Amino acid sequence: MTASTKPIAILVPGALNPHALKRIEAEFSIVRIPDGSAAHVTPEMAGKVRGLSAMVTPVTSALIDALPNLEIIANYGVGYDSVDARHAATRDVMVTNTPDVLTEEVADTAMGLLLNTVRELRAAENWLRAGKWVAEGPFPLTRLTLRGRRAGIFGMGRIGLAIARRLEASGLTVEYHNRRPAEGVSYRYHPTLKGLAESVDTLISVAPGTSSTAKAVNAEILAALGPDGVFVNIGRGSTVDEDALAKALNDGTIAAAGLDVFADEPNVSQALLDAPNTSLLPHVGSASVHTRRAMADLSVDNLVSWFSQGKAITPVPETAGVKPR
Ligand code: NAP
Ligand code: 8YV
């Protein structure tokens, strides 16, 4: 606790990581509302709230406008698609996220999801637990393997690079697509996602959820990936046309998919639940106590730094130029 930050009111809409809550309670004056609806903001809250901390709860332009003294939004997560950062910038409100501290954890999860998808580890374990090893013999050989695969990364940023390193160590070749070539990265670059999908048989999406990535992985991209194709999504569900993906899995356009993220979380479309050859995880990319604690610390450290030193530690690009009032 510092004398300078304790009286400052931080609004927490909806749920937040317990460690983040504890630290906000210790260092600031916490104000809680059940969700991100601006209707919950009382005149008293509007008068005193100067910071906001959120985990998945949408921070809309309406909520931002309901808080005239808001200076900073600390997002718990590197992806900040749930925060209207462009609107925040027009109001001179800083937005921060939690890069780097989760990179290796998410890359580990991506590799686990890929391996689980290709080698059917969940089905193999179910086989053992159901007594089929004893009753029927060995689990059937898997159609797919990682051996000889050519991987393509859609979104070669911090996490993409960490996944690429793991893929290389596992013997796969790596290529990628970003809007522009990544500095200092020697993997083969494709200026279009279609070009990448045509060149590889294993497409891993770790792109952010933005208007420019919305439903980018569509029927055309899945067809380009081909019948031995494996699609893994550890980025955001909004980057995929889920109906097209379910259809591609059902009609053999691609071979399998591993998904950690979905368009309408926590709801997963029935079409994807029913599709064959899938491994589906409930958005657990960064979900260890260790990594979530590091994310919580970075999000609260941003609030402390803003109010005690006048600068954010990890501003998002849209608000990088915002200065304290
Ligand atoms: P990052 O370093 O900013 O990397 C994002 C990459 O995506 C950049 O290289 C960027 O390159 C590329 N990109 C952005 N828009 C694009 C577009 N329209 N077309 C092609 N490429 C595009 O971010 P990060 O730290 O690696 O995190 C990436 C994302 O992973 C997050 O935004 C979040 O959505 C997701 N994530 C998921 C989990 C999970 O639990 N599943 C956990 C953490 C993060 P250019 O700007 O050159 O295009
Ligand atoms: C979090 C994530 O699970 O950082 C991100 O972008 O998707 C995850 O690490 C999420 O943001 C908060 O629960």
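Both counts, for ligands and for their atoms, begin at 1 and track the order of listing. As the structure is a computational prediction, the values presented were derived from the model and not from experiment.
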Margin query: With respect to Val261, determine whether any N or O atom, backbone or side chain, lies less than 3.5 Å from an N or O atom of ligand 1.
Written below: no

Item checked: Under 4.0 Å to a heavy atom of His283 - the qualifying atoms of ligand 2, by number -> 2 (C), 3 (O), 7 (O), 8 (C)

Margin query: For ligand 1, which is the ligand I care about here, please tell me if Thr213 has any N or O atom under 3.5 Å from one of the ligand's N or O atoms.
Written below: no

Notebook entry, point to check: Which protein heavy atom lies closest to atom 3 (O) of ligand 2, and at what distance to 0.1 Å?
Noted result: Arg292 NH2, 2.9 Å

Notebook entry, point to check: Got a donor-acceptor contact below 3.5 angstrom from the Ser238 side chain to the Ala263 backbone?
Noted result: no

Next item on the list: Provide, to 0.1 Å, the distance between atom 18 (N) of ligand 1 and the closest protein heavy atom, together with that atom's residue and name.
Entry: Ser212 OG, 2.8 Å

Notebook entry, point to check: In ligand 2, which numbered atoms sit nearer than 4.0 Å to a non-hydrogen atom of Gly77?
Noted result: 4 (O), 5 (C), 11 (O)

Check: So, for Ala164 and Tyr187, which heavy atoms are closest and what is the spacing to 0.1 Å?
Finding: CB-CE1, 3.5 Å

Notebook entry, point to check: Heavy atom under 4.0 Å from ligand 1: found in Asn178's side chain, backbone, both, or neither?
Noted result: both

Notebook entry, point to check: Is the shortest heavy-atom distance from the side chain of Asp81 to the side chain of Thr210 under 4.5 Å?
Noted result: no

Notebook entry, point to check: So is there a nitrogen or oxygen of Ile159 less than 3.5 Å from a nitrogen or oxygen in ligand 1?
Noted result: yes

Item checked: Protein heavy atom at shortest distance from atom 8 (C) of ligand 2 -> Ser286 OG, 3.5 Å

Margin query: Heavy-atom pairs closer than 4.0 Å: do any link ligand 2 to the side chain of Val106, the backbone, both, or neither?
Written below: neither

Notebook entry, point to check: What protein heavy atom sits nearest atom 13 (N) of ligand 1, and how far off is it?
Noted result: Pro208 CD, 4.0 Å

Check: Which atoms of ligand 1 are found less than 4.0 Å from any heavy atom of Gly79?
Finding: 31 (C), 32 (O), 33 (C)

Check: Does the side chain of Ile234 reach to within under 4.5 Å of the side chain of Ile163, using non-hydrogen atoms?
Finding: yes

Margin query: For a side chain to side chain donor-acceptor pair (under 3.5 Å) check, start with the C-alpha distance between Arg119 and Thr142, then their side-chain angles and the critical distance, and finish with the verdict.
Written below: CA-CA 6 Å; Arg119 296 299 320 285; Thr142 60; 3.0 Å; yes

Check: Backbone, side chain, both or neither: what part of Val261 comes under 4.0 angstrom of ligand 2, heavy atoms only?
Finding: neither

Next item on the list: Could you check atom 28 (C) of ligand 1 against the protein and tell me its nearest heavy-atom contact, residue, atom and distance included?
Entry: Val206 O, 3.2 Å

Checklist line | atom 42 (C) of ligand 1: nearest protein contact (heavy atom, Å) | finding: Val106 CG2, 3.4 Å

Notebook entry, point to check: Counting each atom of ligand 2 from 1 as listed, which ones have a heavy atom of Met295 under 4.0 Å away?
Noted result: 9 (O)

Margin query: Has Ser37 got a side-chain atom pairing as donor or acceptor with Ala39's backbone, closer than 3.5 angstrom?
Written below: yes

Next item on the list: With heavy atoms of Gly285 as the reference, note each atom of ligand 1 found under 4.0 Å away.
Entry: 39 (C), 40 (O)

Next item on the list: For Gly235 and ligand 1, answer yes if some heavy atom of the residue is under 4.0 Å from a ligand atom, otherwise no.
Entry: yes

Next item on the list: Please work out which of the three classes, parallel, tilted or perpendicular, describes the rings of Phe154 and His177, given edges at 30° and 60°.
Entry: parallel

Item checked: Side-chain touch Ile313/Trp306, heavy atoms, less than 4.5 angstrom -> no

Margin query: Test of understanding: given a 4.0 Å heavy-atom threshold, classify the contact between Arg236 and ligand 2 as side chain, backbone, both, or neither.
Written below: side chain

Margin query: Does any N or O of ligand 2 fall below 3.5 Å from an N or O anywhere on Gly79, backbone included?
Written below: yes

Next item on the list: Identify the protein heavy atom lying closest to atom 19 (N) of ligand 1, giving its residue, its atom name and the separation to 0.1 Å.
Entry: Arg179 CG, 3.6 Å

Checklist line | ligand 2 atoms in contact with Leu102 (distance to a heavy atom under 4.0 Å) | finding: 4 (O), 9 (O)

Notebook entry, point to check: Is the shortest N/O to N/O distance between Phe154 and ligand 1 below 3.5 Å?
Noted result: no

Next item on the list: For atom 4 (O) of ligand 2, find the nearest protein heavy atom and state the residue, atom name and distance (0.1 Å precision).
Entry: Val78 N, 2.8 Å

Notebook entry, point to check: Between atom CD1 of Ile10 and atom OG1 of Thr5, what is the distance when rounded to the nearest 0.5 Å?
Noted result: 8.5 Å

Check: So which protein heavy atom does atom 10 (C) of ligand 2 come closest to, and at what separation?
Finding: Tyr76 O, 4.1 Å

Note to self: Side chain or backbone, does His283 bring an N or O within less than 3.5 Å of an N or O on ligand 1?
What the structure shows: yes

Notebook entry, point to check: Got Asn233 and Val217 here, is their nearest side-chain heavy-atom distance under 4.5 Å?
Noted result: no

Item checked: Ile159 to Leu102 - nearest heavy-atom pair and separation -> CD1-CD1, 4.1 Å

Item checked: Shortest non-hydrogen separation from Asn178 to Tyr189 and the atoms involved -> O-OH, 2.9 Å

Note to self: Can you confirm, on distance only, whether ligand 1 has an N/O atom lying under 3.5 Å from any N/O atom belonging to Asp81?
What the structure shows: no

Margin query: I need the nearest protein heavy-atom contact for atom 37 (C) of ligand 1: residue, atom name and distance, please.
Written below: Ile234 O, 3.0 Å

Checklist line | Nearest non-hydrogen protein atom, atom 25 (O) of ligand 1 | finding: Arg158 NE, 2.9 Å

Margin query: Any heavy-atom pair between the side chains of Glu27 and Phe307 that's under 4.5 Å?
Written below: no

Next item on the list: Please write down residue, atom name and distance for the protein heavy atom closest to atom 47 (O) of ligand 1.
Entry: Arg180 NH1, 3.3 Å

Next item on the list: Go through the steps for Tyr80 and Asn75 under the test side chain to side chain donor-acceptor pair (under 3.5 Å), then give the verdict.
Entry: CA-CA 7 Å; Tyr80 53 96; Asn75 184 57; over 6 Å; no

Note to self: If you measure every N or O of Thr210 against every N or O of ligand 1, does any of those distances drop under 3.5 Å?
What the structure shows: no

Note to self: Tell me whether Asp228 is salt-bridged to Arg143, with the criterion being a basic N under 4.0 Å from an acidic carboxylate O.
What the structure shows: yes

Checklist line | Worked check of side chain to side chain donor-acceptor pair (under 3.5 Å) between Thr314 and Asn302 | finding: CA-CA 7 Å; Thr314 47; Asn302 266 293; 2.8 Å; yes

Check: With a cut-off of 4.0 Å, which atoms of ligand 1 are near a heavy atom of Met156?
Finding: 9 (O)

Next item on the list: Could you list the atoms of ligand 1 found under 4.0 angstrom from a heavy atom of Arg236?
Entry: 33 (C), 34 (O), 35 (C), 36 (N), 37 (C)

Notebook entry, point to check: With a 4.0 Å cut-off, would you call Arg23 and Asp297 a salt bridge?
Noted result: yes

Margin query: If you count heavy atoms of other groups shown closer than 6.0 angstrom to CZ of Arg147, is the number above 12?
Written below: yes

Notebook entry, point to check: Are Ile221 and Lys194 side-chain neighbours, meaning at least one heavy-atom pair lies under 4.5 Å?
Noted result: yes

Item checked: Ser286 near ligand 1 by a heavy-atom separation under 4.0 Å -> yes

